[in-house]
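Nothing here was measured: the structure is a model prediction, and the numbers come from that model. Every heavy atom of this structure was used, including side-chain atoms; hydrogens, water molecules and symmetry mates were not.
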Amino acid sequence: MRELINDPFYEMISTYKNCLIDYCLIEDDTPHQGYHSHKDAILFSMLKVIERYIDEQLMSEIRYRREVGEEPFPWNLDIGKAKAHRIDASELLAVPEILRTDRIGQRFYAGGLPDPLKGEQIPYWYAFWETPHTSGYGPEEFNRINSVLFPMGTDDLEVYEWSDDWSNYFDDGHEWWGTACWSVYDRRMNRYAVIMASATD
């Protein structure tokens with residue numbers, strides 16, 4: 001597996017400074033084998049995300065922690081714990097009806113908001129624009145991002161929604177806001193997109 005670092009999507013998503021989602025686009029020369037290939041993709045992606053965070057820490061946090069005698073964040077993962085179920089692409093990319101927006105910009109949705117503290121999975125749209133600190137994004141930006149992420153359309157997407165108990169990457173999200181992990185195989189492009197998020201206030 002290799003990350004498609006020159007894909008135009010990365011350039012586009014880099015302009016969305018308030019986006020908390022970690023995306024990873026992957027190409028694989030081995031034949032697609034369903035669930036097992038998706039699991040390989042999330043492991044590969046998590047290692048890439050950890051590598052990105054370590055690079056950031058080396059620039060700031062690790063230097064500070066060394067000065068005060070603390071150890072760097074101890075990343076860990078156990079891919080054997082990761083479990084998933086298949087969902088439709090339409091479920092992943094669904095956008096809720098916004099019933100109203102109050103004077104401070106809070107949106108109210110048909111069906112309400114998920115409650116991660118009750119074990120409810122946060123949907124992709126929520127991970128994209130209902131961030132702990134207002135992102136300023138909404139359905140228009142969400143749809144624009146996904147049109148670049150899936151340029152060949154959504155008819156040939158195979159999507160798995162993953163558990164959040166296999167890496168401490170998800171620990172922050174367990175505190176309050178929520179966690180997310182999806183893997184998407186685009187049959188037309190022979191490409192995987194992994195979408196992960198975890199944050200707290």
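Between Y169 and Y53, the angle of the ring planes goes over 60°, which puts this pair in the perpendicular group of the 30/60° scheme.
Ring-centre distance between Y35 and W162: below the 6.0 Å cut-off. Separation of the H85 and Y160 ring centroids does not fall under the 6.0 Å cut-off.
In the displayed structure, K83 atom NZ is contacted under 6.0 Å by more than 12 heavy atoms of other residues, nucleotides or ligands.
The residues R187 and D155 are annotated as not salt-bridged, no charged nitrogen and carboxylate oxygen being separated by less than 4.0 angstrom. Taking a cutoff of 4.0 Å between a charged side-chain nitrogen and a carboxylate oxygen, D29 and R2 qualify as a salt bridge.
Here the side chain of D102 pairs a donor or acceptor atom with the backbone of Q106 at under 3.5 angstrom. Using a distance-only test at 3.5 Å, with no hydrogens or angles considered, no donor-acceptor pair links the side chain of S167 to the main chain of L77. A donor-acceptor pair under 3.5 Å is absent between the side-chain atoms of E11 and the main chain of P8, judged by distance alone.
With no hydrogens or angles considered, a side-chain donor-acceptor pair links D164 and T179 at under 3.5 Å. Defined by atom type and a distance below 3.5 Å, a donor-acceptor pair is missing between the side-chain atoms of Q33 and H38.
Residues passing the salt bridge (Lys or Arg N to Asp or Glu O under 4.0 Å) test with E3, sequence neighbours excluded: R52. In terms of the salt bridge (Lys or Arg N to Asp or Glu O under 4.0 Å) criterion, residue partners of D156 (sequence neighbours excluded) are, by chain and number, R188.
No option in M196, K48, M46 other than K48 meets the side-chain contact (heavy atoms from CB on, under 4.5 Å) test with C24. The only member of Y16, Y137, Y124 that meets ring pair (Phe, Tyr, Trp, His ring centres under 6.0 Å) when paired with F142 is Y124.
Criterion: ILVMFWY side-chain heavy atoms under 4.5 Å apart, direct or through other members. Under it, W182 and I145 are part of a common hydrophobic cluster. Residues I50 and M1 share a hydrophobic cluster, clusters being chains of Ile/Leu/Val/Met/Phe/Trp/Tyr side chains in contact below 4.5 Å.
With contacts defined as side-chain heavy-atom distances shorter than 4.5 Å, the pair L4/I26 does not qualify.
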Test side-chain contact (heavy atoms from CB on, under 4.5 Å) applied to Y192 and L25, step by step: CA-CA 6 Å; Y192 297 88; L25 300 182; over 6 Å; no

